[in-house]
Structures are given as C-alpha cells and as structure tokens.
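To keep things clear, I will list the structure first and then write my remarks on it.
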Amino acid sequence: MKKFLTATAAGALMAGTAFAASHSNEIKMGIILGFTGPIESITPSMAAGAEMAIKEVSDSGKLLGGATVTAVRADSTCVDSAAATAAAERLITSDGISAMMGPDCSGVTGAVLANVSVPNGMVMISPSATSPALSVAEDNGLFFRTAPSDARQGAVLAEIMIEKGITSAAVTYTNNDYGKGFADAFQAAYEAAGGSVTLSAPHEDGKADYSAEVGALASAGGDALVVLGYVDQGGAGVIQGALDTGAFDMFAMGDGMIGNSLTDRFGDDIAGMIGTAPGSDNAGAAMFADMASAAGIDGTSVYAGESYDAAALMLLAMAAAGSKEPGDYASHVFHVANAPGEPILPGELGKALDIIAGGGDVDYQGATGVELVEPGEAAGSYAEYTVEGGALKVVGYR
C-alpha cells in the first residue's frame, strides 16, 4: 500500500512544506458514508451536515490564504469492509484528499483505519462509529470521533429502562462489531442495575424473514425487546416480526434504529418505545438545526450535527497548524476542540479562523457540545427518544 506522500505524488511534492501547503488553492475532504446499505436513509443528512461546514469555511476565504474547500463523496456501504477500504483508498490515491470525514459504521471504520488511514497517514474523524473496540484501536494519533463510545450508550439505555420499571428484556443485535459491542455494554450495565437479560442473540441483515429470530426471542420472553440494529435492515425486520406475531409490544432501541424511516414504517405501532442516540441540549444544537433548516436539510436527523462538527474540527486544525497536511494538523485536533479558548458555535467558523489567524485559541463546541477525551473521542451525552403521535420525539437528555 502506498504511503500518503507517495500516493498523492505531484501534489505532495509541490506542497513539500507547510508554507506551500498553506497557500494551496484547493483542499479536498473525503465524505465516506453508507450512501447504500442499512442506514442509507440517515446518511444524506450526515453528508449534508459535513458539507455545510465545508461550505462555511470555503465561503469565508479565511482558511490557509483563501483556499477553496471541496467535498468528495464515497460510499462506505456501512457493512462491506472491502468496499469501504477500496473507496477510502480511491479518495487518497485518485482524489487527493487531505482529510476524511467518516466512515460511519464501526466495522468499516475499523477496517479503513487499519488498512488505509494509518498506512497512508490520513486523519479521519467518524461522526457515528461507536464500537467500544475503537477506543483501543492502533491509530497513530490520526483517528477521532465526534460520537461517544457505546460503552456509555449501553449504560444510558439500561438506566432509562430500569427507571421505567422494565426489569427483564430480550436483546437482538446486528451481527457485527457495532451490534456485539453495544449488546455487551448494555447487558453488563443492565444486569449490574438489577435487570435480567433473558436472551441476547445476533441477527443478520438483509434477510426477508425474521420469524426464527423472533420465535427464539419470544420464547425467552421479557418485558421488552431491545433492538440494537439498523433502521433500514434487520432491526426493522425483527420489529416487524415481533409486531406481526404479538411477541412484544414494548421496544427499546439504540442509535442505529433512530431515523424517520422507523416511524414512516411503524408509526404508533411502537408508541412509547425507548430510544437513545447521541445528542445534547445546548445552544449549538438549536443553532445548527436552524442553519440546516434554512439550507433545506434536516439538522435534527441523527448524526447530522456530529458530521458538521467532524468536518469543522479538521478544517480548524488545519488553520491552527498552518497546513493541510495530515501529519502537520493531526496534533491540533484536540487543541481546537477543547478549552481553553473562545467558544465556537455553528455558523462561527469564520470567527474561529480569525481568532486562530490572530494567534488566539478556540474552544470548538459546535452542534454537539464537542469535548474530546482520550483517545480522541467525544465525552458524549445522549438524547432519549420515544414515539408519540406516530413521530419520534426527544423527551430528555442524559
């Protein structure tokens, strides 16, 4: 596999120094998300969120001597690691990107990190890969995520269920790194709080019939069915089977299930469900939602804000380093994300660039109240969802 400087050949040779890089006319950022696959209904808003930050910085004319920033999209598929790795390679070798926003799902993120990002020295920030295993992945200081680990989400979901008096549950999870890591974290927290998991079993995505899985879950029983899967794939299939057979009428779900296609399909059939996804009640969230709405984008869609923040962090880190070269700006991501410094909210990226240019510090808070902790992931808070009147509704934050 070619190293980053070799792979970008003439561009890297011309860039040569931080000074030259800072005066390059174009910066390309890869946007690698599952435009096809089990979360394809939520990725358009994620991509649009990142591209809002890219446009905001590019239009300001204040990054690295007025460089133009452009987005290059690529399909991670969410689940096919070989396809995601090939797509990420093309972003580097063919498109000449200087940063990678994504991937999205945990399995493909781990594959791209190990096989593309680290060998090529490419900075990548995932807005949505949440597997606890990524916290200990070898990354050479190149990998960050604006979503918190599922080690925390599992505990939050368990806490909500216990508070609501749901003391026994069956669990089904998508059979990959994301699903297994989330299910393990949930079960450990739930049982520690006094809950009982009657069965924890994987399901495969892409099946036409989930009656066998639902049958096993129904036999195990429980006050609720916990579905840790994908909203456009097996997770929805299991819910459909449970509703069709009357096996369960109470559901709890993780972030991969939170999207408008959930209520488009099930509506009030899942009224009262419990759901969790990264989210925070802060000024930045409301500002981002308003900005996105004005641009015709659903800024409340899960991970849209995290995607805006991921793109913004890399661009501000470039400004702080005075270079678009990943090896130069990677170490600045933590610096621009955390205190001390002037708080920066959505729509204030031009202001942040002015502060950096003047030698000042910024504390990027963005759409999601960004605060990075070692090893480069969001400390994280979560929105609690339910379905009311056939629509998803946020009822609190944790």
Side-chain angles (χ1 to χ4, degrees), residues 29 31 33-35 39-62 69-71 73 101-102 104 125-128 146-148 231-232 253 255-267 275-316 343-353 362 364-370 378 380-398:
M29 181 180 292
I31 306 293
L33 299 170
F35 295 104
I39 59 166
E40 61 185 20
S41 65
I42 67 174
T43 48
S45 292
M46 293 170 66
E51 288 163 358
M52 282 175 59
I54 289 170
K55 184 177 187 301
E56 187 178 336
V57 168
S58 190
D59 288 352
S60 77
K62 296 176 179 179
V69 188
T70 57
R73 290 190 178 191
M101 203 297 296
D104 41 8
I125 301 185
S126 173
S128 56
T146 49
V231 68
D232 298 320
M253 308 178 201
D255 55 313
M257 296 298 298
I258 306 301
N260 289 333
S261 64
L262 179 74
T263 46
D264 288 345
R265 179 167 179 173
F266 299 114
T276 54
S280 58
D281 185 16
N282 58 65
M287 292 172 68
F288 174 73
D290 288 344
M291 285 170 54
S293 179
I297 300 164
D298 181 6
T300 65
S301 181
V302 65
Y303 293 123
E306 285 81 359
S307 298
Y308 175 93
D309 290 343
L313 281 174
M314 286 184 282
L315 296 172
L316 294 181
I344 299 298
L345 297 174
E348 297 182 341
L349 299 183
K351 171 186 172 182
L353 292 169
V362 298
Y364 180 80
Q365 297 178 5
T368 63
V370 172
S381 62
Y382 286 87
E384 177 186 346
Y385 288 84
T386 192
V387 170
E388 187 177 292
L392 282 166
K393 180 181 179 180
V394 175
V395 293
Y397 295 91
R398 304 272 173 155

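Inspection of the Tyr303 and Asp255 side chains reveals an N or O donor paired with an N or O acceptor under 3.5 Å. No side-chain donor-acceptor contact under 3.5 Å links Ser126 and Asp104.
Atom NZ of Lys55 is separated from atom CG of Leu349 by 12.5 Å, given to the nearest 0.5 angstrom. Glu40 CD to Asp232 CG: the interatomic distance, rounded to the nearest 0.5 Å, is 5.5 Å. Residue Glu306 holds its CD atom at 10.5 Å from CE of Met101, rounded to the nearest 0.5 Å. In this structure, CG on Leu315 lies 4.0 Å from CE on Met29, to the nearest 0.5 angstrom. Once rounded to the nearest 0.5 Å, the distance linking CG of Leu353 with CD of Glu348 reads 12.0 Å.
Ala383 approaches Val394 most closely through the heavy-atom pair CB-CG1, 4.1 Å. Val69 approaches Ser58 most closely through the heavy-atom pair N-OG, 3.0 Å. Here the closest non-hydrogen pair linking Met46 and Ser128 is CE-OG, 3.5 Å. Of all heavy-atom pairs spanning Gly350 and Ser60, the tightest one is CA-CB, 4.3 Å. Annotation for Met314 and Ile125: closest pair CG-CD1, 3.5 Å, computed over non-hydrogen atoms. Considering every non-hydrogen atom in both Ala277 and Ile258, the closest pair reads CB-CG1, 4.2 Å.
Between Val387 and Lys393, every side-chain heavy-atom pair lies at or beyond the 4.5 Å cut-off. Within the 4.5 Å cutoff, the side chain of Asp298 has heavy atoms near those of the Asn260 side chain. Counting only heavy atoms from C-beta outward, the side chains of Met253 and Leu262 approach each other to under 4.5 Å. Contact annotation: the side chain of Thr146 approaches that of Leu313 to within less than 4.5 Å [non-hydrogen atoms, C-beta and beyond]. A 4.5 Å side-chain heavy-atom check between Tyr364 and Asp309 finds at least one atom pair inside the cut-off.
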Q: Quick one: do Ser381 and Arg398 satisfy side chain to side chain contact (heavy atoms under 4.5 Å, CB included)? Show the steps, please.
A: CA-CA 6 Å; Ser381 62; Arg398 304 272 173 155; over 6 Å; no

Q. Which is it for Phe35 and Arg73 under the side chain to side chain contact (heavy atoms under 4.5 Å, CB included) test, yes or no, and what are the steps along the way?
A. CA-CA 9 Å; Phe35 295 104; Arg73 290 190 178 191; 3.6 Å; yes

Q: Please lay out, stage by stage, how Ile31 and Glu51 fare under the test side chain to side chain contact (heavy atoms under 4.5 Å, CB included).
A: CA-CA 8 Å; Ile31 306 293; Glu51 288 163 358; 4.3 Å; yes

Q: For the pair Leu33 and Ile39, evaluate side chain to side chain contact (heavy atoms under 4.5 Å, CB included) and give the outcome as yes or no after the intermediate values.
A: CA-CA 9 Å; Leu33 299 170; Ile39 59 166; over 6 Å; no

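Under the 6.0 Å cut-off for aromatic ring centres, Tyr308 and Phe288 qualify, their centroids lying closer than that.
With respect to Gln365, the side chain to side chain contact (heavy atoms under 4.5 Å, CB included) criterion is satisfied by exactly one of Pro346, Ser280, Pro343: Pro343.
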